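These figures come from a predicted structure and were not determined experimentally. Note on naming: letters A, B, ... go to the chains in the order of the sequence lines (proteins, then strands), and numbering restarts at 1 for each one.
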Amino acid sequence: MIDVKQLRSDPQRFIDGARDKGIDVDVPRLVKLDEQMRALKTKMEERRAEQNRISKETGPQIGKLKGQLKSASGQAKAALEKQIRELEERPARLKGEIQGLGESLAKLQPEFDALLLSVPLPPDPDVPKGKTADDNIEIKTWHPKWFDPKKSFKQNKGFAPKTHIELVRDLGLVSFERGVKMAGTRHYVLTGEGMRLHQAVLRFALDFITTEHGFKAMSVPVIVRQECMVGTGFFPAGREQAYHIEETSRGGGHDLYLTGTGEVGLMGFHQDEILDAHSLPLKYATVSTCFRREAGAAGKDTAGLYRIHQFDKVEQVVICGADEAESRAWHKKMIGIVEELLQRLELPYRLLQCCTGDLGPKNADMIDVESWMPGRGPDGADGRPTGAYGETHSASRLYDFQCRRLNMRYKDEKGASVFCHSLNNTVLASPRILIPILEMYQNQDGSVTVPTALRPSMGGAQRIGG
RNA sequence: GGUGGGGUGGCUGAGUGGUUGAAAGCACCGGUCUUGAAAACCGGCAUGGGCCAUUAGGUCCAUCUCGGGUUCGAAUCCCGACCCCACCGCCA
C-alpha cells in the first residue's frame, strides 16, 4: 500500500508510476475522494467535539436530577422532568448531524479503500521503462566452462539434445497423463527418480540458504485467510491467480486461499507486529507447495513441467529497516545467493533487469534470473528447439509497500513507529528447475548425470537411467 | 461434531453506565544513589488520524477484537461476526 501522505503531496508520481507499470487505476479519483472524506471528517469531528463538551457539562447534572426524580413527586417532579428534557435536547440535535456526516463518509469509504489498495508502488527511477517482458534488459550472463549457451547444444556436448519432456518420458520420471486424469490440465505426477531428484534439489536449496547464508528455516501455512493475501500485496490484483476455498458457503467462518508462494506465509508471520529494531534484518526461508491457477495463461507453455498449477519452492525473504541503501544492498545480496546456487549446480543463467511494464504492483524493482533450457525456444533447421533462457527466479524490492499493508513496524531511535522494508527472491523452484538440470545434464545414451552438488541428497546416485 | 469459558495498552491483569485513555504489576526509558553494576527510590512511558505550528509542540477526534444497536453519555448493557481456550468425541 502506498503512503497517502505521499499521494497528497505528489499525486503525479503515482499517476506516472501506474502508467509505466501498465496498471489502470484512477489516481485522481482517489485524490479527490481523499479530499472529500477529509473535509467530512473534519466537520464531523468538530460536531463531535461540541457534543462531547456539552455532554460533559450537562451529563452529571442529568444524572443528579434523575436521582432526585426518584424521590420527587407532584409539582417538584414535573419541574425536574422539564429541566431534564431541556438538558437532553441540546446534544440530541448534534447527534443527528453527526450521524448524517458519518453516513456520507461511509458511502465513500469502500471506493476509497479499494482504490488505495489498487494503486501500485511506482517503479524506481532507475528501472528502465518498457511495456512487456520483451523490454527487459540483460545485465549479466554466466555459464560453466563445459557449456556455453551461445553455441549449440551439439557443439557443446557432441550430440543433439532431447527436451525435458522426452527425457522424463523415456526415464519414467513424470507421468503427465496420470496427473491430468486426477486433477486436470497442467497437473503431473513425479515418479521414482523424478520425485527423488525433486526432493534433492529442494533439500539442497533449503540447506544452502539456511546453513550457508543464515536464513531461518520455516514451515508456514499455504492455506491462508484473505487478510494475509491482501496484506502481502497479492490481492486484489492477483485474485484471479489464487485458488479459493469457499468455506463460508458451507458454514465455515471465513474463506481461505491457497498461496502461490511461500512469501505469503513468511511475510504474514509478523503481520500487525511491532518488531524489535535490534532483531532486524530478519532473514527467513521456507519450502512450500505453491498453487497457481494460471488464469489468463491459456495456451502458453502448455507442455511439460514449465507452467503448472502446483509446485514446490524454496523462498527467501528479508525484512529490514526503512533505509533505501540497506534495501538495495539486500537485493544485491539475495541475487548473489541465487547466483551462487546456480553456479554450484553449474547451470548457465542470465540476470534480467525487468522493465516497468513487467513489474508487479508491489515492486519498486525486480531482477529475474533465467536459466538456460536447451529444449526451449524456437525450432532450428532440424525441427528441434534451439534452446532459450527460461525464468527460474525473481528478486523483488518493495520498500515499505508490503509492510505498510501488513502493518509491520519497528521503533526507530526517536521512538517513532516505522514500517519495515521487505524483499523476496526465489531460492529454487521445482520441478521447473528440473528442466535445465535434466536437459543440461543429459548424456548421449539417454541417461542423466546427477549434478555433483545434488548427489548427497540423492543417496549418492551419480546418474539416472542408462 | 458436542458442551462450556473468554477476547482490555509491549506482556500479565483490575475495571458492570458519567473527568476510565483506562488501576496495579512486569518490561522499557531517564534520574538519584554506587568506583561500576544490581537492588532501592523518584519520574516518564499506547496507537492512529484531522487541523495549526513544523525546531519543540499545541489542539481536536477516534481506538478496551470487529460491526451494528440502546442511551444525553458505553470498556461496562443488547444483537451479530470473527478469533482464542478448555473438556468430550473423531482422527493423519
| query | Quick one: CG on Leu438(A) to CD on Glu166(A), what's the gap to the nearest 0.5 Å? | reply | 12.0 Å
| Donor-acceptor side-chain pairing of His213(A) and Gln316(A) below 3.5 angstrom | no
Separation between the [atom1] atoms of [N] and [M], rounded to whole Å:
| N | M | atom1 | value |
| --- | --- | --- | --- |
| C66(B) | A74(B) | P | 15 Å |
| G69(B) | A75(B) | P | 15 Å |
| G30(B) | C85(B) | C1' | 40 Å |

| query | Should A53(B) form a Watson-Crick or G-U wobble pair with both distances under 3.5 Å, which nucleotide is its partner? | reply | none
| message | For G1(B), give the paired nucleotide (Watson-Crick: N1-N3 plus N6-O4 or O6-N4; G-U: N1-O2 and O6-N3; both under 3.5 Å), or none. | response | C88(B)
Could you tell me how far apart [X] ([atom1]) and [N] ([atom2]) are, to the nearest whole angstrom?
| X | N | atom1 | atom2 | result |
| --- | --- | --- | --- | --- |
| Arg48(A) | C72(B) | CZ | P | 17 Å |
| Glu97(A) | C61(B) | CD | P | 15 Å |
| Asp272(A) | U63(B) | CG | P | 19 Å |
| Gln51(A) | C61(B) | CD | P | 10 Å |

| said: Going by ring pair (Phe, Tyr, Trp, His ring centres under 6.0 Å), name the residues that satisfy it together with Phe291(A), two or more places apart in sequence or in a different chain. | reply: none
| note | Residues at least two apart in sequence or cross-chain that pass side-chain contact (heavy atoms from CB on, under 4.5 Å) with Pro11(A), listed by chain then number, are Val31(A)
| Residues in side-chain contact (heavy atoms from CB on, under 4.5 Å) contact with Leu40(A), at least two apart in sequence or another chain | Leu101(A), Ser104(A), Leu105(A), Leu108(A)
Give every pair of a protein N or O atom and an N or O atom of nucleotides 78-85 of chain B that lie under 3.5 Å apart, one pair per line with the distance.
from: C82(B); atom 1: OP1; to: Gly253(A); atom 2: O; distance (Å): 3.2
from: C83(B); atom 1: OP1; to: His254(A); atom 2: NE2; distance (Å): 2.4

| request: Can you check each nucleotide of nucleotides 44-51 of chain B against protein heavy atoms at under 4.0 Å and return B for base, S for sugar-phosphate only, - for none, in 5' to 3' order? | output: ---SSBSS
| message | Under the side-chain contact (heavy atoms from CB on, under 4.5 Å) test against Phe235(A), which residue among Gln226(A), Gln241(A), Glu227(A) passes? | response | Gln226(A)
| side-chain hydrogen bond (donor to acceptor under 3.5 Å, both in side chains): which pairs involve residues 181-196 of chain A, sequence neighbours left out? | none
| Taking the six-membered ring where the residue is Trp, are the ring centres of Phe234(A) and Tyr257(A) under 6.0 Å apart? | no
| Trp330(A) and Phe215(A) aromatic ring geometry - parallel, tilted or perpendicular at 30°/60° bounds | perpendicular
